[in-house]
Structure formats: structure tokens, C-alpha cells
**Q** 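The structure under discussion is supplied below as C-alpha cells; questions concerning it will follow.
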Amino acid sequence: MPELPEVETIVVELNKSIIGKTIAHIEEYRKNTIYADESLDLGKLGAINEISRRGKYIIIATDRNCDLIIHLRMTGKLILADLTDPSAKHTRAIITFADKTKLMFDDVRTFGTIHILNRDNRHEILCRLGCEPLSPDFNYGTLKQLLERRKSSIKSFLLDQRAVAGLGNIYVNEILFACGISPHRAANTITEKEIRLLVTKTRQILKIALEHNGTSISDYRRIDNKTGSFQNFLKIYGKDKCLCGHQVKRTKSSGRSTFHCPKCQKEKEV
DNA sequence: ATTGCTTCCTGAGCGC
DNA sequence: TGCGCTCAGGAAGCAA
């Protein structure tokens, strides 16, 4: 499940490997994978000159003012290859470069998308996203203001991309455990001290995960098909017992697995 | 306005 | 061996 550290890892690796390459053609192998502006000729998108990330979106920009905006959802992968891998059963699209190398978009569960559009329309995809947790905008003041009027749980707040962009289920579980806050707490009951802790721990966990090239629980792979290694450092997600030996409680909230330790994570503000 | 449920999809893992 | 069931999950879309 690619979240911010996984997407950022892919962006860093793409920046080392496909900058300057000219897009020769793009083929879609499954419907509803590519959404392209009708006015664009996919054989004339130009050469790649910048690759960046916003939330969980990968933005590949070309020198002809076009953007490829990719979302991997749960099982999407971008794999750089010289030849098409015949064992890849779930290739949804292939971007072929002028030098004959290929960037393959694999996606078992088919929810991932590639939007191809003129740069002027970039905001149509990105405008709904909230603040970046690794940017200075993610601070006590911003968070306090956002949390005040939220009645939903702190977990659903952190998962809401319109509030904070880039966090997913695994990191939200880890962040709340690190802060000692129960995922079931109402967002507007988070105290000043806890907000400051949320800012610090979120940044810390994302940075460490990034140093380990992200978390590979099942599907996430880097562009050379290698796994990340932060799964070895998870403290609550998928665990039976927390570090202190307490039983971890597993629940579901809005369809997602939630792990928390009732002893280490406060159910109520103090 | 805000919130939370349903939907999309496939493969792994399980019990029988 | 194979069947049917459950689970994994991001975010759009919709209903309350």
C-alpha cells in the first residue's frame, strides 16, 4: 500500500533514472487506467524534465507542458525494464521511451490511474489535497485549526487527504501509537500537547520510513522491483502485542483495520 | 456542512 | 484438489 514514504521513494528513484527520456508512446492494456486529455497526442508528450510528489500522487512533467499524474492506490507498481517481463500478469499500461526502455505500470487490483493532461489542468487532480506532512505548513497552528471543528475520529481525520495529504492506514496506526493517542478519540479532543506530539512523531516516522525505502507489506515495490524495509520497524500495525507486552486490540473503522494498545494509547484527553 | 457507508477489484488464506 | 467465503484497502460518490 503505497503511502507518502513509498511514493517518495519511487519519485526519488525515477528522478535518477528517467529524467531526459523522451516518451515515444504509451499503451493501455486495461480500460480505465489512462485518462488523457483528448487534445493530446500521446506520441508527442515530449521529454521528461521533472518528477515530483504531491500527497500520494506521482507527477511526471515534460518539456512540452504536459503532466502524467499517477496514483498507485493499493497495488500499483512502476517498474523500469528494458524488456517486457512475461511474468507480469497485471500490466495495465506501458510507457515506452525513445531509447526503447520501458516504464511498466502493474496493478493487480486495478484501482490505480494515470492522468495525462496539460500542465494548466494539473490543479483538477491536485486541488483537493491538504497540507504536506513534511512541509512547514504542517505545524501546530494549522493542525489545531483543522482539528477544532472535526467531530470524527482522529484516525479518520489523519486519513482524510483533504486535511493531510499522503498518510494511509499503516502510518496513521503507527503515528497514533507513537503519540499514545487512541485512534477512536474525537479529533476535537486532542490536546495542545498531543497536537505538538502529532507534528513531531508524524515527521519522524515518515522520515525514518523514507530512509528504509518505505514499507513492503505485500504489493509495494521500488522501481527495480525491490522491497522497502520499514515493515521490520512497525510497532503496532499487524501486531498481536505492543512493545510493553500488552495485548493489541484490533478493530475496524470505516472498513479499515485499526490496531491500538488500550493501555499505551489514551482513550480520553487528560 | 460534515460524516460515514458502499463501491470498485483480485489474490491469498482458510475451513471443509 | 477445489470450492466458497473473508479479508486487504484509497478515495469517489452518495445518502443521511
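In what follows, every chain begins at residue 1, and chains take the letters A, B, ... in the order their sequences are listed. The structure displayed is predicted, hence computed values, not measured ones.
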**Q** For A:Asn213 and A:Lys226, run side-chain hydrogen bond (donor to acceptor under 3.5 Å, both in side chains): C-alpha distance rounded to whole Å, both residues' side-chain angles, the deciding distance at 0.1 Å, then the answer.
**A** CA-CA 10 Å; A:Asn213 302 302; A:Lys226 284 185 188 147; over 6 Å; no
**Q** Under 4.0 Å from OP1 or OP2 of C:dG10: is there any side-chain N or O of A:His71 that close?
**A** no
**Q** Quick one: which of C:dG9, B:dT10, C:dA12 gets closest to the side chain of A:Thr110?
**A** B:dT10
**Q** Under 4.0 angstrom, heavy atoms only, what part of the nucleic acid is A:Thr75 near: base, sugar-phosphate, or nothing?
**A** nothing
**Q** Between atom NZ in A:Lys155 and atom P in C:dG10, what is the gap in whole Å?
**A** 9 Å
**Q** Please report how far the helix from B:dT2-C:dA16 to B:dC16-C:dG2 bends, comparing the axis fitted to its first five pairs with the axis fitted to its last five, to the nearest 10 degrees.
**A** 50°
**Q** Rounded to whole Å, how long is the line connecting atom CG of A:Asn169 with atom P of C:dG10?
**A** 5 Å
**Q** For residues 1-12 of chain A, pull every pair meeting salt bridge (charged side-chain N to carboxylate O under 4.0 Å, His left out), keeping only residues two or more places apart or in separate chains.
**A** A:Glu8-A:Arg53
**Q** Select one nucleotide: of B:dT10, C:dG9, C:dA12, the one nearest the side-chain heavy atoms of A:Arg128.
**A** C:dA12
**Q** Any donor and acceptor pair, going by atom type alone, linking the side chain of A:Asn49 with main-chain N or O of A:Ile19 inside 3.5 Å?
**A** no
**Q** Which residues, if any, of residues 226-233 of chain A bring a heavy atom under 4.0 Å of DNA chain C?
**A** none
**Q** Between A:Ser257 and C:dC7, is there a side-chain N or O to OP1/OP2 distance below 4.0 Å?
**A** no
**Q** Indicate yes or no for a side-chain donor-acceptor contact from A:Arg54 to the backbone of A:Leu129 under 3.5 Å, with no hydrogens or angles considered.
**A** yes
**Q** Can you measure A:Ile217 atom CD1 to C:dA8 atom C1' for me and round it to whole angstrom units?
**A** 11 Å
**Q** Provide, to the nearest angstrom, the distance between the NZ atom belonging to A:Lys56 and the C1' atom belonging to C:dA12.
**A** 14 Å
**Q** Counting only side-chain nitrogens and oxygens, does A:Lys151 get under 4.0 Å of the OP1 or OP2 atom of B:dG4?
**A** no
**Q** Between A:Gln161 and A:Gly130, is there a donor-acceptor pair closer than 3.5 Å when you use the side chain of the first and the backbone of the second?
**A** no
**Q** Find out whether A:Asp37 and A:Leu117 are in side-chain contact, i.e. whether some heavy atom of one side chain is under 4.5 Å from a heavy atom of the other.
**A** yes
**Q** For the side chain of A:Asn173 and the backbone of A:Phe259, is there at least one donor-acceptor N/O pair under 3.5 Å apart?
**A** yes
**Q** Please give, in whole Å, the distance from B:dT10 P to A:Asp106 CG?
**A** 14 Å
**Q** Choosing from C:dC7, C:dG10, B:dT3, which nucleotide comes nearest the side chain of A:Arg250?
**A** C:dC7
**Q** Once ring-ring contact (aromatic ring centres under 6.0 Å, His included) is applied, what residue pairs with a partner in residues 16-47 of chain A remain, sequence neighbours excluded?
**A** A:Tyr35-A:His115
**Q** Check nucleotides 11-13 of chain B against the protein and report each pair of N or O atoms closer than 3.5 Å, with its distance, or say if there are none.
**A**
residue	atom	partner	partner atom	Å
B:dG11	OP1	A:His90	NE2	3.3

**Q** To the nearest Å, how far apart are A:Phe157 CZ and B:dT2 P?
**A** 13 Å
**Q** Look only at the side chain of A:Gln204 and the backbone of A:Lys201, and say whether a donor-acceptor pair between them is shorter than 3.5 Å.
**A** no
**Q** Measure from CG on A:Asn188 to C1' on B:dT3 and round the result to the nearest Å.
**A** 13 Å
**Q** Checking the side chain of A:Thr33 only, and the main-chain atoms of A:Glu28 only, is there a donor and an acceptor separated by less than 3.5 Å?
**A** no
**Q** Does B:dT10 have OP1 or OP2 under 4.0 Å away from a side-chain N or O of A:Arg92?
**A** no
**Q** Is there a donor-acceptor pair closer than 3.5 Å between any side-chain N or O of A:Ser216 and the backbone N or O of A:Tyr220?
**A** yes
**Q** Any ring-ring contact (aromatic ring centres under 6.0 Å, His included) involving residues 55-76 of chain A? Give me the pairs, sequence neighbours left out, ordered by first then second residue.
**A** A:Tyr57-A:His71
**Q** Would you mind reading off the distance between A:Tyr57 atom OH and C:dA11 atom C1', rounded to a whole angstrom?
**A** 8 Å
